[in-house]
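Here's the structure we're looking at; comments come further down.
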Amino acid sequence: MTAFKSDFLNILQERGFIHQCSDFDGLDALAAKGEAIAYVGYDCTAPSLHIGNYLTMMMLHWLQESGNKPITLMGGGTTMVGDPSGKDESRAIRTIAEIEANKASIRGVFAKVLRYGNGHSDAIMLDNAEWLTKLNWIEMLRDIGRHFSVNRMLTMDSVRLRLEREQEMSFIEFNYMVCQAYDFVELSRRTGCRLQMGGSDQWGNIVNGVDLGRRMGTPQLFALTTPLLTTASGAKMGKTAQGAVWLNADQFSPYDFWQYWRNVEDADVVKFLKLFTIMPMSEIAKLSALQGGEINEAKKILATEATALLHGRDAANEAAETAQKTFEQGAIAENLPTVEIPRGELEAGIGVLAAFVKAGLVASNGEARRQIKGGGLRVNDTAVTDEKMTLTPSSLTPEGVIKLSMGKKKHILLKAA
């Protein structure tokens, strides 16, 4: 391990955030003086950010905790273009109204891990629509575009991989890296920002900004990326059977968020405690010594601490209590995720396969059949053995719900509306 002068880089290194940096010595000196102003950009492609975004939010958190200043940049302008990174096909063009609605829905999540205000290390929020939408096309080509080499742009992963797979790339997407690079220059001029952070897939785009700043006369700019999030088994992190792990509670409930962390692989617990909680490293070290069945206790701590940071301590404790009632006491906890079905549909009888698909526990009838053969599905804690079983009002528990379970850890309540 390298010993840095700055708390910022020492913390990031110790907790496993660092993948690449354009100049460790220069950035270290800046951060050690409390003069590192850094940003991460967040495009408004959906009503909520996801767990991959959460990783970079935590980088901004530790930047602030070490006395430096974070900037959250809303991508009101870049979302109009669409980032081609990691995509085989063009992103859907979103209307201005959609972008604005997504932006409004996303904004609140940052205050969960960052402190905003007017102080030296208080975070600020900006929107690149403020300058990108005002650029004159000819001036942009002359003043900014002339600094870009098409030859070099073609070598960037976001472009090269698309072309190698013979997937079309539109001209608008090709310009995304130009917009992102210009954001860095503009933020440097407006705020004194010297560092851009992001996921490892953004390295090329960020370095473009560093280079553009040099060509356009800014002070030296820096790039810092975090590793791609994968599980110990090599799978891309942040996906569930129901889809992405969203950060907004209305997209992915605190209980589901808690469950996501409770169900991680044993080998990932310590890694995720470092990345997704603010627990002291000394406490994480104690948990790293746990073996065998004791690892489940570390998973519960991970789930509770990660959920408390994002959704608040009360929501985290409620999720933990719900899980305990459901798994350890066999009770039906009222806080379990609930799916409503029309009472008439239940009175007519709903097939068990369709019920599990409707609940989102399985993706298809075929998957439900496979789970039944393996003894993986239960209704009201009783194993399903007949794939032709029908759920009716008589299936309702005294609490007025039908508890559907897949395995030991995934439960949904069906409720007649």
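Numbers for residues simply follow the sequence, beginning at 1. These values consider heavy atoms only, across backbone and side chains, with no hydrogens, waters or symmetry-generated copies.
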*Do side-chain atoms of Ser6 reach the backbone of Ala31 as a donor and acceptor pair under 3.5 angstrom?*
no

*Considering only heavy atoms from C-beta outward, does the side chain of Ile37 approach that of Leu195 to under 4.5 Å?*
no

*Ignoring hydrogens and geometry, is there a side-chain-to-backbone donor-acceptor pair from Asn10 to Asp7 under 3.5 Å?*
no

*If a pair satisfies salt bridge (Lys or Arg N to Asp or Glu O under 4.0 Å) and one of its residues is in residues 8-34, list it, with sequence neighbours excluded.*
Lys33-Glu35

*Is Glu98 reaching over with its side chain to a backbone N or O of Thr95, donor-acceptor style, under 3.5 angstrom?*
yes

_Here's a test for you: under side-chain contact (heavy atoms from CB on, under 4.5 Å), which of Ile350, Val339, Leu391, Ile412 qualifies with Ile402?_
Leu391

_Salt bridge check, Arg313 against Glu305: does any charged N sit closer than 4.0 Å to a carboxylate O?_
yes

_Shortest non-hydrogen contact from Phe184 toward Gly209_ = CD1-C, 3.9 Å

_Side-chain touch Val113/Leu60, heavy atoms, less than 4.5 angstrom_ = no

*Under 3.5 Å, side chain of Ser105 to main-chain N/O of Asn102, donor-acceptor pair present?*
no

*Exercise: identify the closest heavy-atom pair between Asp122 and Asn118*: OD2-N, 3.3 Å

*Does Lys286 come within less than 4.0 Å of Glu283, counting only side-chain N to carboxylate O?*
no

*Taking it one step at a time, do Ser200 and Thr226 satisfy side chain to side chain contact (heavy atoms under 4.5 Å, CB included)?*
CA-CA 6 Å; Ser200 59; Thr226 192; over 6 Å; no

*asked:* Assess, by modelled atom type and distance only, whether the side chains of Asp43 and Tyr176 contain a donor and an acceptor separated by less than 3.5 Å.
replied: yes

_Looking at every non-hydrogen atom in both residues, tell me the closest pair between Ser22 and Phe222 and how far apart they are._
OG-CA, 3.5 Å

*Steps toward side chain to side chain contact (heavy atoms under 4.5 Å, CB included) verdict (Gln13, Ile18)*: CA-CA 6 Å; Gln13 179 175 243; Ile18 297 176; 4.0 Å; yes

_Assess the residue pair Val210 and Arg214 against the criterion (side chain to side chain contact (heavy atoms under 4.5 Å, CB included)); give the C-alpha distance rounded to whole Å, side-chain angles, the decisive distance to 0.1 Å, and a yes or no._
CA-CA 6 Å; Val210 172; Arg214 180 180 60 81; over 6 Å; no

*Below 4.5 Å, heavy atoms only, C-beta onward: do Leu309 and Phe276 meet side chain to side chain?*
no

*Strictly by modelled atom types, are Tyr255 and Thr307 linked by a side-chain donor-acceptor pair under 3.5 Å?*
no

*Do Asn248 side-chain atoms and Pro47 backbone N/O form a donor-acceptor pair below 3.5 Å?*
yes

*asked:* Looking at Asp268 and Ala232, would you say the former's side chain and the latter's main chain have a donor-acceptor pair under 3.5 Å?
replied: yes

_Would you say Asn128 and Thr78 are linked by a side-chain donor-acceptor pair, where the criterion is simply a distance under 3.5 Å?_
yes

_Side chain proximity check, Leu73 to Val40, heavy atoms < 4.5 angstrom_ = no

*Please lay out, stage by stage, how Trp62 and Phe17 fare under the test side chain to side chain contact (heavy atoms under 4.5 Å, CB included).*
CA-CA 10 Å; Trp62 293 117; Phe17 282 96; 3.9 Å; yes

*Is the side chain of Glu367 donor-acceptor paired with the backbone N or O of Ala363 at a distance under 3.5 Å, no angle test?*
yes

*Can you see which heavy atom on Ile106 is nearest to which on Ala46, and at what distance?*
CD1-O, 3.3 Å

_Go through it in stages, so that I can follow the logic: the residues are Arg190 and Glu130, the test is salt bridge (charged side-chain N to carboxylate O under 4.0 Å, His left out), and I'd like the CA-CA distance, side-chain angles, deciding distance and then a yes or no._
CA-CA 12 Å; Arg190 288 178 179 232; Glu130 187 177 335; 2.9 Å; yes

*Is the closest basic N to carboxylate O distance between Lys103 and Asp127 below 4.0 Å?*
yes

*Ignoring hydrogens and angles, tell me if any N or O in the side chain of Asn205 forms a donor-acceptor pair with the backbone of Gln202 under 3.5 Å.*
no

_Please determine whether a side-chain nitrogen of the Lys or Arg among Lys358 and Glu345 lies less than 4.0 Å from a carboxylate oxygen of the Asp or Glu._
yes

*State, with a plain yes or no, whether a side-chain heavy atom of Phe110 is found less than 4.5 Å away from one of Met74.*
yes

*Say whether, by atom type as modelled, one donor and one acceptor occur between the side chain of Thr304 and the main chain of Ala316 under 3.5 angstrom.*
no

*What's the spacing between Arg194 CZ and Gln220 CD if we round to 0.5 Å?*
6.5 Å

*asked:* Parallel, tilted or perpendicular: which one describes the rings of Phe171 and Trp137, with boundaries at 30° and 60°?
replied: perpendicular

*Donor + acceptor pair across side chains of His411, Ser405 (<3.5 Å)*: yes

*Report yes or no: do Asp256 and Ser253 form a side-chain donor-acceptor pair below 3.5 Å?*
yes

*asked:* Within the structure provided, determine whether Ile144 and Leu141 are in side-chain contact (heavy-atom separation under 4.5 Å).
replied: no

*Determine the minimum heavy-atom distance between Ala123 and Tyr116, stating which atoms define it.*
O-CD2, 3.2 Å

*Less than 4.5 Å apart, any side-chain heavy atom of Val384 and any of Arg378?*
no

_Are the side chains of Ile124 and Thr191 in contact, using a 4.5 Å heavy-atom criterion?_
yes

*Judged by atom type as modelled, is there a donor-acceptor pair below 3.5 Å linking the side chain of Gln64 to the main-chain atoms of Ser121?*
yes

*Minimal non-hydrogen separation, Met279 against Ile284, with atom names*: O-CD1, 3.7 Å

*Enclosure of Ile278 CD1 (heavy-atom neighbours >12, cutoff 6.0 Å)*: no

